[in-house]
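Working notes for the structure below.
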Amino acid sequence: MHSAQATSSAQATSAIVPTYARANIAFERGEGCWLVSTTGERYLDFGAGIAVTSVGHAHPHLVETLVSQGSKLWHVSNLYQNPEGERFARRLVDATFADLVFFANSGAEANEAAIKMARRRQSIGGHAERYRVLTFEGAFHGRTLAMIAAGGQAKYLDGFGPKVDGFDQIPITDLAAVEAAIGPETAAILIEPIQGEGGVRVIPPSFLRGLREICDRRELLLIFDEVQTGVGRTGRFYAYEHCGIHPDILTSAKGIGAGFPMSACLATADAARGLTVGVHGTTFGGNPLAMAIGNATLDVILAPGFIEHVAKLGLYLRQRLAELKDRHGSVIEELRGEGLMVGLKVKVPPASFAEACLGQKFLVIPAGDNVVRLLPPLVVTEEELAEGVRRLDAACAAVEERLLVAIN
Ligand SMILES: *Cc1c(COP(=O)(O)O)cnc(C)c1O
């Protein structure tokens with residue numbers, strides 16, 4: 001397993017494992033919805049680091065918190081009391097259906113905690129045989145070995161040995177298929193209320209309510225992966241609020257730390273019953289620095305009127321995009337999404353559309369199903385949304401020009 005030549009040629013370009021096709025641009029600083037490149041150019045950021053920088057770049061309250069907590073205490077492990085974490089967990093519980101919170105470091109880890117929690121709950125409830133989890137086509141739940149099995153996508157599973165057992169994938173929005181797929185070993189159903197990586201596919205509320213009814217009747221746990229949809233992104237604190245029911249377990253990451261790597265698994269007391277002392281753990285999860293930043297993020301997001309304002313901004317953006325779609329029907333096929341989680345289904349490869357946007361100094365994120373995502377920081381203004389649409393307009397025109405050249 002050694003090739004001197006391969007090693008030296010890789011070093012000539014980058015010492016980072018090349019798992020990403022990176023755009024040829026680097027950023028030096030940011031402010032709100034704007035990023036400044038190392039060459040001094042300003043970019044309008046509607047990617048937010050994939051829905052992560054929820055309160056924008058270098059938000060003064062978060063910077064202040066980072067500096068003050070950073071000069072006091074970063075990490076002590078989970079062997080001691082955690083006042084900042086207690087406060088953060090209490091605020092999450094007070095704002096949601098949940099009674100308890102487990103803190104982790106990434107979306108995939110929060111999902112692992114959710115699956116372990118559900119299996120354990122079945123096991124201590126007298127159903128140790130129930131360990132399988134139903135998931136849905138187009139899903140994305142992260143890149144750990146178990147979560148690529150949960151997502152079920154061949155492109156993420158190929159070459160990594162046998163798929164982790166315990167996940168059964170079914171088509172979306174077919175409640176009969178869900179019923180049929182439930183067996184004596186089924187423990188839980190895992191779903192994103194709006195598929196993010198899959199292409200901003202909004203799951204109909206009636207389907208989510210149907211899953212709730214099935215889970216109640218068959219004594220299964222309902223898990224919502226709100227890693228991307230959570231923390232105000234869709235114009236509600238969590239997206240489950242749109243459908244009038246709540247899950248038993250919910251995972252949150254991306255926007256929750258506003259750029260600081262952290263995640264949370266929220267649950268009812270009953271769902272979490274199996275996670276007792278020593279059963280699950282993490283070294284970094286919930287450390288004082290992360291918790292202080294989480295609290296500062298909530299100070300912004302849970303301020304009175306903030307989330308309602310996100311919902312209004314979402315409507316405004318949708319109106320502007322509907323006009324854009326009318327003007328550029330040859331490029332834009334469909335609008336999708338909720339709040340400030342918006343997808344444009346485009347008629348060209350989404351990566352090439354994102355490149356055209358980059359040409360307008362405008363950052364967007366490609367997704368599955370030929371969709372480009374707009375995920376601006378939630379502190380975006382109406383003027384910045386209008387500016388984003390202007391840049392999209394120019395990007396569409398550039399794409400149309402290319403299409404015309406290709407035809408002629
Ligand atoms: C991004 C994402 C994940 C994975 O999060 P990581 O922090 O990359 O592990 C899981 N689920 C959903 C819905 C996501 O969007």
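Just so you know, these numbers use all the heavy atoms, side chains as well, and skip hydrogens, waters and symmetry mates. The first residue in the sequence is number 1, and the count goes up from there. Every number for a ligand or one of its atoms is a count from 1 in the order of the listing.
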Original post:
Centroid-to-centroid, Tyr43 to Phe362, below 6.0 Å?
Top reply: no
Original post:
Quick one: are the ring centres of Phe224 and Phe97 less than 6.0 Å apart?
Top reply: no
Subject >> Contact residues of ligand 1, where a non-hydrogen atom lies under 4.0 Å away >> reply: Ser106, Gly107, Ala108, Asn111, Phe140, His141, Gly142, Glu192, Asp225, Val227, Gln228, Lys254
Original post:
Under 3.5 Å, is there a donor-acceptor pair between the Thr144 and Glu112 side chains?
Top reply: yes
**OP:** Verify whether one side chain among Glu86 and Asn82 offers a donor that lies under 3.5 Å from an acceptor in the other.
**Re:** no
Original post:
Any side chain to side chain donor-acceptor pair (under 3.5 Å) pairs touching residues 331-358, not counting sequence neighbours?
Top reply: Glu334-Arg336, Arg336-Asp369, Lys345-Asp369
Original post:
Taking the six-membered ring of Phe167, is the NZ or CZ of Arg132 close enough (under 6.0 Å from the centre) and on axis enough (within 45°)?
Top reply: no
